[in-house]
> 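Got a structure here, written out as structure tokens. Questions coming.
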Amino acid sequence: MKKKVVALMMSLVMGMSMLAACGEGGGAAGGDTFKIGGIGPTTGPAAIYGSDVRDAISIAVDEINAAGGINGHQIEYKFEDDEHNAEKSVNAYNSLKDWGMQMLIGTVTSGPCIAVSEKTREDNMFMLTPSGTAVQCVQYDNAFRVCFSDPNQGAASAQYIADSSLKDSAIGIIYDSSIEYSTGIHDSFVAKAGELGLNIVADTSFTGDSNTDFTAQLATLADNGANLVFLPIYYTEASLILQQEKTIGFDPVFFGCDGMDGILEVENFDKSLAEGLMLLTPFSATATDDLTVNFVNKFREKTGHVPNQFGADAYDAVYTIKKVAEEQGITPDMSISDICDKMKTGMTTVTMDNVLTSPTTITWTAAGEPNKDPRAVVIQNGEYVLAE
Amino acid sequence: MKLRKQTKKEFITYAIVLLFYAVVMILDVTGNLKSHTKGLLVPVCYYATAAVSLNLVVGILGDLSLGHAGFMCVGAFSSSLFSVVFKESAMPVGLRFLIALIIGTAVAALFGFLIGIPVLRLNGDYLAIVTLAFGEIIKNILAAIYLGYDEAGVHLSLKSFTLQGEGKMLINGAMGIQGVPTDSNFTVATLILILTLVVVQHIVDSRTGRAIMSIRDNRIAAESIGINVTKYKMLAFTVSAAIAGTVGVLFSHNTSTLTAASNYFGYNVSIMILVYVVLGGIGSIRGSVIAAALLYALPEMLRGLGNLSNYRMLIYSVILIAVMLWNWAPAARTWREKVFAGKGGKADAAS
């Protein structure tokens, strides 16, 4: 009994010290610097997206700070891991709030983004997600995004195919029915394809628990005579599909969306398999304009690899915040809610030119959606090249 | 005499929970509670509740169940469906949440009962694997369901469809249920934890509980003295599933989006809850509460480590191994007994 009492006391003491430790230093709003927070997965299966966003933001923040900051105020930046889990994402958000965050760049993935947007609405905290593609990510007026929404991408893909020489292809689809990203694009693609009279011959799916063997789906597509395969999925699964299609002697054209971006960086992936793969993505790391070259070089220096589209979105997000804050005369001593209100008005009037993720400009609607042109990229000789 | 000791033990557990609640409330009222900590309170309570309910099956009944997250999933979806439908109605929030809690618990209990019928014929590893499979089935089915209503009526399908005219998607396949009202709060979660403790400790400390434990210790002997093994196994399993359903209600009403994804309801979550139970001591109700609270809070607290926080998941794993060794490795146990026996002896002398 006594031993148990001792053990009990110890655990209580531990618990108390934890509470006490976190009771100190509540959220004192910064006076002199902007505090910008970021949230995304840096551990777990979606880690590559979160870490690219984290590093891209820090590059942009360093550049802005070196050039004198926003309205003469430096930026402080902190990134929290959410393991691609909505519950953890809300925890991360609360933790950043305690740190004194005034604006949020995040979150990186859709599901957590929706959950966090409920919280930011309560606090009237401005949020700009680089890559939360689900429709509901920006359902509140304080939330904006840099990337295309899922339905946008699906419809744009169908439109692109209908306008190109591929329009008479027999289309097969493989999508992941267990994630929002993939089902969202899939549903809008199918709807738009119906409108445009595209010929879909087979529609197959898999789930997150069966994402290693795709021979059944590929066989179905081959049996139905598909010669164009639409893959609204992430590149990890796509790389396996590309490996497996060769083994069954099925050789169609593959067409993907922005989740396909990054396929050339998969370790031990035979790049020749991706030859001819087309993807609709707003960012191309091989573009030769100064902005892209500068960003890609800095990114490679910092991390050792080429950034994907998520990083580019995040980089644009930081500069968008800078431009809007300057246009609206926002200073760090304003309250979070005041900053948010000014940012909300500013976002709908700003025009971002010279950005990574659009060939022309980006403007935003009050609903939080970006207006920009998609780019189609094709893989040739192991490099991303802009399609005709 | 014996009963009094048992009652005392129970009351110490309640006291810990109430003390924790009081301390948090005082910190909150005096403004010393950071919003990060505040956000952790409800999850801490529901994971502690989940651990206690799983302990009923694993520790008291002695059967390994890996499908606990599946029952959470059922409770979460059934209650959220109700809450979303009645969100706009004039029903007061308290009543709506109470009904949601009852629905979630009842539906999970029903599933526990139905699944228990075939499953509980098995023992040991076989049972573990079958419960794991059932948990996955529940999760995968819920991730594939589309449910919505429009002018033509209610639609239920395993394929996505478009609504005709005025209507609303209730369950949207992999995207789950959106806009669940965030009704959970720390007080309700604490009340449910205490209620769970009362229920489980009373079951353990009753004729029923002794029958259940006799099945654990020796099934054949229990059967030979006329204990209805199936009945008691079903009872423990169903109660455990029902409480898991309640946990699901708290979970889904804490974050506004609910998806039947693996990171919320997959077997990893079942195993995580099992880790809480094992670490707290199999069969020890109080241990489950403390282990769940500390282990859930730990990786979150490690966020505060500055640069080291990049390694927080690694640190968490190392701490998990260290605690497991400290608690259960024979050498650590003898060493601990030696050290603490000395201290305990002194304390005895002092008192």
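Per chain, numbering begins at 1; letters A, B, ... match sequence-line order.
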> Counting only heavy atoms not in B:Tyr267, do more than 12 sit closer than 6.0 Å to its OH atom?
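Atom OH in B:Tyr267 is not crowded, with 12 or fewer foreign heavy atoms closer than 6.0 Å.
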
> At what distance, to the nearest 0.5 angstrom, does CD of B:Gln178 lie from CD of A:Glu118?
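The CD atom of A:Glu118 is 8.5 Å from CD of B:Gln178, to the nearest 0.5 Å.
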
> Can you say whether A:Ala92 sits under 4.5 Å from chain B via the side chain, the backbone, both, or neither, judging by heavy atoms?
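Both backbone and side chain.
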
> Can you say whether A:Thr43 sits under 4.5 Å from chain B via the side chain, the backbone, both, or neither, judging by heavy atoms?
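The side chain, not the backbone.
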
> Only pairs of heavy atoms separated by less than 4.5 Å count here; which of B:Ser256, B:Ala143, B:Gly176 has the most with chain A?
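Looking at each of B:Ser256, B:Ala143, B:Gly176 in turn, B:Ser256 comes out on top.
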
> Counting heavy-atom pairs under 4.5 Å to chain B, which of A:Ile114, A:Val116, A:Val190, A:Thr183 comes out on top?
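Answer, by heavy-atom pair count under 4.5 Å with chain B: A:Ile114.
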
> Nearest 0.5 angstrom please: A:Lys88 NZ to B:Glu300 CD, how far?
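One gets 6.0 Å once the value is rounded to the nearest 0.5 Å.
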
> Where does A:Asn91 contact chain B at under 4.5 Å (heavy atoms): side chain, backbone, both or neither?
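Its backbone and side chain both get close to chain B.
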
> Under 3.5 Å, is there a donor-acceptor pair between the side chain of A:Asn85 and the main chain of B:Tyr264?
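No: the side chain of A:Asn85 does not pair with the backbone of B:Tyr264.
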
> Any idea which of A:Asn94, A:Val90, A:Thr42 has the most non-hydrogen atom pairs under 4.5 angstrom with chain B?
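Heavy-atom pairs under 4.5 Å are most numerous for A:Asn94.
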
> Side chain, backbone, both or neither: which part of B:Tyr296 has a non-hydrogen atom closer than 4.5 Å to chain A?
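Just the side chain, heavy atoms under 4.5 Å.
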
> Quick one: what part of A:Glu87 sits under 4.5 Å from any heavy atom of chain B, side chain, backbone, both or neither?
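Contact with chain B involves both backbone and side-chain atoms of A:Glu87.
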
> Considering all heavy atoms of both residues, which atom of A:Gly111 and which atom of B:Thr257 are nearest to each other, and what is their separation?
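For A:Gly111 versus B:Thr257, the nearest heavy atoms are O-OG1, 4.2 Å.
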
> Using 0.5 Å steps for rounding, measure from the CD atom of A:Glu83 to the CG atom of B:Asn263.
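Between atom CD of A:Glu83 and atom CG of B:Asn263 there are 9.0 Å.
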
